[in-house]
Amino acid sequence: MSAFVPAATVARLSSTRTSSRTALSSKSSSLVASRPLGLRVGVALRTPTPSPRAAISMIATGEPLEDWLQRAEKDLGKCTRGIFAACKEVAYKIRTASCDKMSCFNDFGDEQLAIDVLADKVIFDNLTESGVVAVASSEELPIEKPITPGGKFAVAFDPLDGSSIIDTNFSVGTIFGVWKGDRFVGQDGHGVVCAGLTIYGPRTTITLAIDGVDGAHEFLLIDDFSAKHGSWIHTAAFSTVNEGKLFAPGNMRAAQDNPGYAKLLEHYYSNKYQLRYTGGMVPDVNQILVKGKGVFCNPASPSAKAKLRVLYEVLPIGYVIEKAGGKSSNGAGSVLDIKIKSCEDRSQVCYGSADEVARFEELVGVTYAVEEATV
Ligand code: F6P
């Protein structure tokens, strides 16, 4: 292992946060937790207006993933560990990829595969190794693929969202959602038991929400710059999404023939909102949790159809956002109400604070496409 010590990260997080993020703090004596590499830190609640329930659970502990996951049901913990292990490998493959204008390849590894194909394989392999996954489905392979007979969970994932911006070295991500059972079709977002967003940026983090634990939780990869090693530690908890003028407007070409979207954009401009949009859904949505405010939307129009996939993107992210105190909508109501009719269903979407999502429903609504199945 390299001698990477996360103490500076811990100290920085504790000194500046005022949003919904609760970070490690050396000032607090509320709890002292054992850290990897022999560190011991105090942790504090930093939620501006915590609910009594949030006050109990919204603590960044600095625990290794293994310890933190004791809070979850045992087999769900196994499944989650498998996904984290996969993302660790994917992070390495991305860091060592070489790109041309068409795609990125992992030239330095043993497999000469396009990076999104490789990410897909790595995640399927790790899900198989977990031994608890009945079926899995990915944006690369949009079928219900049997994995382990008698397995308990159905796992859907987008192995590498934002593959079109990976050559620019913008942040990209993995999205995953876990349901109980061995089918996706017929279920909805209320059946999700665990979901997360992995951000491959300057730091590799996963924002995880899981049944049995309130809020959404950030884990940081303490990397030793190899494919298999390094560990995840719990660095923040997200419990509220407040009102604030930060917007991430996806599919902007839809504003040309969706007058509601044009009005919504006009609202953002005339009220001097801050634009924060990279074109990578994972970092663009995750910023809402980290900053504790804002809105992300990707509306549809007759000429710019709904693009985001219900199974791999819309529902898992909806689960994470709502667990973290935010709202989601497809224009009609929470995305968690959307029934999965096929692995390839698509929907328009909005995530953010309560007022922002209500504004999306009022101005954009459901005039153009709530859900679309593509065959
Ligand atoms: O998954 C599709 C995606 O790559 C998202 O990550 C991103 O938010 C969106 O497309 C960008 O679309 P547009 O360029 O139309 O805003």
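Quantities reported herein were computed from a predicted structural model and do not represent experimental measurements. Keep in mind that the numbers below use all heavy atoms, side chains included, and drop hydrogens, waters and symmetry copies. When a ligand or atom number is given, it counts from 1 through the structure's own listing order. Along the sequence shown, residues are numbered consecutively beginning with 1.
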List ligand 1's nitrogen or oxygen atoms that come under 3.5 Å of a protein nitrogen or oxygen, with the partner atom and distance.
residue, atom, partner, partner atom, Å
ligand 1, 1 (O), D161, OD1, 2.8
ligand 1, 1 (O), E313, OE2, 2.7
ligand 1, 6 (O), D161, OD2, 2.5
ligand 1, 6 (O), M281, N, 2.9
ligand 1, 10 (O), K307, NZ, 3.1
ligand 1, 12 (O), K307, NZ, 3.0
ligand 1, 15 (O), R253, NH1, 3.0
ligand 1, 15 (O), R253, NH2, 3.2
ligand 1, 16 (O), N251, N, 2.9
ligand 1, 16 (O), Y277, OH, 2.4

Distance-only check: which donor-acceptor pairs under 3.5 Å involve side-chain atoms of residues 140-150, not counting sequence neighbours?
residue, atom, partner, partner atom, Å
E144, OE1, R183, NE, 2.4
E144, OE1, R183, NH2, 3.3
E144, OE2, R183, NE, 3.4
E144, OE2, F184, N, 2.7
E144, OE2, V185, N, 3.1

Determine whether the aromatic ring centres of residues Y273 and H267 are separated by less than 6.0 angstrom.
yes
Is the F176-F157 ring centre distance short of 6.0 angstrom?
no
Identify, with sequence neighbours excluded, every residue that meets side chain to side chain contact (heavy atoms under 4.5 Å, CB included) alongside Y277.
A248, P249, L275, D284, F296
Hey, is C104 close enough to C99 that the SGs sit under 2.5 Å?
yes
Sorted by chain and residue number, the salt bridge (Lys or Arg N to Asp or Glu O under 4.0 Å) partners of R253 (sequence neighbours excluded) come out as none
